[in-house]
**Q** 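Below you'll find the structure I mean.
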Amino acid sequence: MAMVLHAGNTNKNAFKALITAEYTGVNVELVKNFEMGVTNKTPEFLKMNPIGKVPVLETPDGPIFESNAIARYVARLKADNPLLGSSLIDSAHIEQWIDFSSLEIDTNILRWFIPRVGFAVYLPQAEEAAIASLKRALAALNTHLASNTYLVGHSVTLADIIMTCNLTLGFSRILTKSFTSEFPHVERYFWTMVNIPNFRKILGEIKQAESVPPVQSAKKPTQSKEPAKPKAQAEPKKEAAKETAKPKVEDAGEEEAPKPKPKNPLDLLPPSKMILDEWKRLYSNTKTNFREVAIKGFWDMYDPEGYSLWFCDYKYNDENTVSFVTLNKVGGFLQRMDLARKYAFGKMLVIGSEPPFKVKGLWLFRGQVIPQFIMYECYDMELYDWKKVDINDEAQKERVSQMIEDHEPFEGEALLDAKCFK
């Protein structure tokens with residue numbers, strides 16, 4: 001019989017148990033038609049949790065509240081569950097990171113976010129303290145993740161599930177790219193985790209916040225009624241208000257004309273003889289004799305004045321110890337490169353028959369440098385070493401050809417996978 005989890009379907013604390021259930025192989029169902037502020041105030045709910053907080057897990061042995069306790073319970077339903085560690089020290093480290101995630105990450109995200117959306121009193125000094133504490137915590141996490149793919153060991157543990165769920169609120173609601181770019185290893189970790197199938201099934205697609213929520217104005221307190229003032233005194237004020245308001249309305253009308261959208265600098269470059277879409281069609285439609293048709297066609301089309309070729313090598317290949325995680329990293333990178341589709345073509349190779357796997361890539365970009373808007377918008381770019389291809393070097397030119405055609409073995413090693421951006 002399935003256990004029932006009482007919470008809304010967007011509650012990040014409920015996600016902890018649901019993701020854990022996916023790894024553990026137990027059936028946990030989210031209650032239907034849960035309405036926060038209504039369902040959790042009913043007598044039936046208050047019997048399960050007297051203070052009315054969510055989530056609550058309804059089990060055959062009785063209810064459990066507090067999200068971390070629920071996630072631990074679900075994980076322990078499977079004997080020797082790797083989510084809980086394989087040794088005493090691993091188990092201790094998992095608990096350590098769960099506490100860190102709750103007390104240093106989640107607490108400070110909420111201290112920053114909750115007042116801004118009007119659920120607590122906004123105090124600038126309190127916000128500054130919350131941001132400073134959060135940056136300190138993220139810096140510590142960033143240092144740990146510089147040499148670790150996961151928080152503990154070489155696979156997902158309960159600590160990763162809880163950390164990711166806590167970070168999800170931050171990344172999706174208040175932690176903008178300009179804020180998180182200071183912590184590249186945290187960024188890499190987060191986007192890797194949310195794209196793992198068991199996480200993605202529960203979390204869905206996560207989009208990073210584009211701006212910090214504005215502070216909501218506090219509601220004005222209800223004022224006691226005063227005796228009505230004579231109309232003679234009130235009317236001049238109203239007339240003055242109307243006269244003052246008129247130019248504002250006119251000004252607003254003048255500002256309604258839409259401004260032309262600025263062009264991408266790449267659209268202002270001199271025309272190129274290479275038509276990128278034609279190359280992409282040739283690549284996609286060539287099924288046989290690839291070297292003779294597609295590769296020859298590429299070099300015939302290639303315009304070294306209008307485009308440039310770049311090799312990239314992942315800086316942290318020693319971390320690529322799990323195949324599906326490595327593939328998810330590359331997949332996430334290509335998703336985030338979507339903004340460059342009009343101006344780029346890429347091949348990403350995952351190399352090796354056993355870990356650690358190597359990630360290498362080849363990219364074709366419009367222009368002679370890597371476009372600045374890509375470097376700014378796609379944080380993955382900083383995780384690679386980039387080298388411009390010298391097409392006058394026959395060895396480099398042949399390497400380009402081999403990467404385009406997924407030549408195997410590549411540089412003496414088998415290919416685990418090859419992905420194309422087109």
**Q** What's the verdict on side-chain contact (heavy atoms from CB on, under 4.5 Å) for T39 and H6, showing C-alpha distance, side-chain angles and the deciding distance?
**A** CA-CA 9 Å; T39 308; H6 295 262; 5.6 Å; no
**Q** Mark yes when over 12 heavy atoms from residues, nucleotides or ligands other than R136 sit less than 6.0 Å from its CZ; otherwise mark no.
**A**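 Counting other residues, nucleotides and ligands, CZ of R136 stays at 12 neighbours or fewer.
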**Q** Salt bridge between E95 and R72, side-chain N to carboxylate O under 4.0 Å?
**A**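 Salt bridge: yes.
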**Q** Hey, are D267 and N264 close enough side-chain-wise for a donor-acceptor pair under 3.5 Å?
**A**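 N264 vs D267: no donor-acceptor pair found between side chains.
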**Q** Do K53 and F65 make a side-chain contact, defined as non-hydrogen atoms from C-beta onward lying under 4.5 Å apart?
**A**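 A side-chain contact under 4.5 Å is absent here.
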**Q** Please determine which of D160, T149, N148 meets the side chain to side chain donor-acceptor pair (under 3.5 Å) test together with Y189.
**A**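 Exactly one pass, corresponding to D160.
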**Q** State, yes or no, whether a side-chain contact exists between P63 and L57 at a heavy-atom distance under 4.5 Å.
**A**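 Result no, sub-4.5 Å side-chain heavy-atom pair not found.
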**Q** Around atom CD of E408, are there more than 12 heavy atoms of other residues, nucleotides or ligands at under 6.0 Å?
**A**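 Yes, the 6.0 Å shell around CD holds more than 12 heavy atoms from other groups.
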**Q** Under 4.0 Å between a Lys/Arg side-chain N and an Asp/Glu carboxylate O for K135 and E104?
**A**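 Not counted as a salt bridge, because no side-chain N and carboxylate O are separated by less than 4.0 Å.
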**Q** Any salt bridge linking D390 with K397? Criterion: basic side-chain nitrogen under 4.0 Å from a carboxylate oxygen.
**A**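 Salt bridge flag = no for K397 with D390.
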**Q** Tell me whether the count of non-hydrogen atoms from other residues, nucleotides or ligands lying under 6.0 Å of CG in L268 goes above 12.
**A**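 Yes.
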**Q** Is E411 paired with K358 through a side-chain N to carboxylate O contact shorter than 4.0 Å?
**A**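 No, no charged N to carboxylate O under 4.0 Å.
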**Q** Quick one: are M163 and L141 in side-chain contact, heavy atoms under 4.5 Å?
**A**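 With C-beta onward as the side chain, the pair touches.
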**Q** Has N328 got a side-chain atom pairing as donor or acceptor with F324's backbone, closer than 3.5 angstrom?
**A**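 Judged by distance alone, yes, a pair lies under 3.5 Å.
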**Q** Just wondering, more than 12 heavy atoms not from Q368 lying within 6.0 Å of its CD?
**A**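 Correct, the count exceeds 12.
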**Q** Can you list the residues that meet the side chain to side chain donor-acceptor pair (under 3.5 Å) rule with S272, with sequence neighbours excluded?
**A**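 Only D303 meet the side chain to side chain donor-acceptor pair (under 3.5 Å) criterion with S272.
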**Q** Does the side chain of T168 come under 3.5 Å of the side chain of K12 through a donor N or O and an acceptor N or O?
**A**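 No, no side-chain donor-acceptor pair sits under 3.5 Å.
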**Q** Taking distance alone, no hydrogens or angles, what donor-acceptor pairs closer than 3.5 Å link side-chain atoms of residues 196-204 to residues at least two apart or in another chain?
**A**
| unit_1 | atom_1 | unit_2 | atom_2 | d |
| --- | --- | --- | --- | --- |
| R200 | NH1 | N195 | OD1 | 2.9 |
| K201 | NZ | E22 | OE1 | 3.2 |
| K201 | NZ | E22 | OE2 | 3.4 |

**Q** Determine whether more than 12 heavy atoms belonging to other residues, nucleotides or ligands lie under 6.0 Å from atom CD of E292.
**A**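 Yes, because the 6.0 Å sphere around CD of E292 holds more than 12 heavy atoms from other groups.
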**Q** Taking the side chain as C-beta and beyond, is there a heavy-atom pair between S155 and V322 under 4.5 Å?
**A**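 S155 vs V322: side chains apart.
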**Q** Side chains of Q208 and T180 only: does a donor on one sit below 3.5 Å from an acceptor on the other?
**A**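 The criterion, which ignores hydrogens and geometry beyond distance, is satisfied for T180 and Q208.
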**Q** Is it the case that more than 12 heavy atoms not belonging to K296 sit under 6.0 Å from its NZ atom?
**A**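 No, because the 6.0 Å sphere around NZ of K296 holds 12 heavy atoms or fewer from other groups.
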**Q** So do the side chains of I64 and V56 get within less than 4.5 Å of each other, counting heavy atoms only?
**A**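 Not touching, per the 4.5 Å side-chain cut-off.
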**Q** Check this for me, if you would: do K177 and E187 make a salt bridge, where the nitrogen-to-carboxylate-oxygen distance has to be below 4.0 angstrom?
**A**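 Judged by the 4.0 Å cut-off on N to carboxylate O distance, K177 and E187 do form a salt bridge.
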**Q** Identify, with sequence neighbours excluded, every residue that meets side-chain contact (heavy atoms from CB on, under 4.5 Å) alongside K422.
**A**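 Expected list: K280, Y283, S284, F345, C420.
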**Q** I'd like to know whether the aromatic ring centres of W279 and F298 sit less than 6.0 Å apart in this structure.
**A**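 Distance test on ring centres: under 6.0 Å, yes.
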**Q** Does L134 reach the side chain of L175, with side-chain heavy atoms less than 4.5 Å apart?
**A**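 Yes. Closest side-chain heavy atoms under 4.5 Å.
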**Q** Can you check whether L169 reaches I174 side chain to side chain, under 4.5 Å on heavy atoms?
**A**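 Not touching, per the 4.5 Å side-chain cut-off.
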**Q** When you compare the side chain of W299 with that of V400, does any pair of heavy atoms fall below 4.5 Å?
**A**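 Side chain of V400 against side chain of W299, heavy atoms only: contact under 4.5 Å found.
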**Q** Can S101 and N166 be counted as having a side-chain donor-acceptor contact under 3.5 angstrom?
**A**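 Yes, a side-chain donor-acceptor pair sits under 3.5 Å.
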**Q** If you count every heavy atom of other residues, nucleotides or ligands that lies below 6.0 Å from R173 atom CZ, does the total exceed 12?
**A**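 Count not over threshold, so no.
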**Q** Write down the atom of Y307, the atom of M274, and the distance for their closest heavy-atom approach.
**A**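 Answer, listing the atom of Y307 first, then M274: CE1-O, 3.7 Å.
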**Q** With Y316, which residues qualify under ring-ring contact (aromatic ring centres under 6.0 Å, His included), at least two apart?
**A**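 Partners of Y316 by the ring-ring contact (aromatic ring centres under 6.0 Å, His included) criterion, ordered by chain and then number, come out as H185, Y314.
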**Q** Any pair with a residue in residues 128-178 that passes ring-ring contact (aromatic ring centres under 6.0 Å, His included), sequence neighbours left out, goes on the list, sorted by first then second residue, please.
**A**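 Only W97-H144, F171-F190, F171-W191 qualify under ring-ring contact (aromatic ring centres under 6.0 Å, His included).
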**Q** Going through the checks in order, is the salt bridge (charged side-chain N to carboxylate O under 4.0 Å, His left out) test met by D313 and K387?
**A** CA-CA 9 Å; D313 290 275; K387 178 183 176 182; over 6 Å; no
**Q** Do the side chains of K347 and D406 get close enough for a salt bridge, i.e. N-O under 4.0 angstrom?
**A**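 Yes, K347 and D406 are salt-bridged.
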**Q** So F179 and F183, would you call those rings parallel, tilted or perpendicular, with 30° and 60° as cut-offs?
**A**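 Rings of F179 and F183: tilted, as their planes differ by 30° to 60°.
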**Q** Near N33 CG, under 6.0 Å, is it more than 12 heavy atoms from other residues, nucleotides or ligands?
**A**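 Atom CG in N33 is not crowded, with 12 or fewer foreign heavy atoms closer than 6.0 Å.
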**Q** Do NZ/NE/NH1/NH2 and the carboxylate oxygens of R188 and E319 come within less than 4.0 Å?
**A**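 A salt bridge is present here (some side-chain N lies under 4.0 Å from a carboxylate O).
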**Q** Indicate yes or no: does K419 engage D417 in a salt bridge with an N to O separation below 4.0 Å.
**A**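 Judged by the 4.0 Å cut-off on N to carboxylate O distance, K419 and D417 do form a salt bridge.
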**Q** Tell me the ring-ring contact (aromatic ring centres under 6.0 Å, His included) pairs involving residues 29-53, sequence neighbours left out?
**A**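 Sorted pair list comes back empty.
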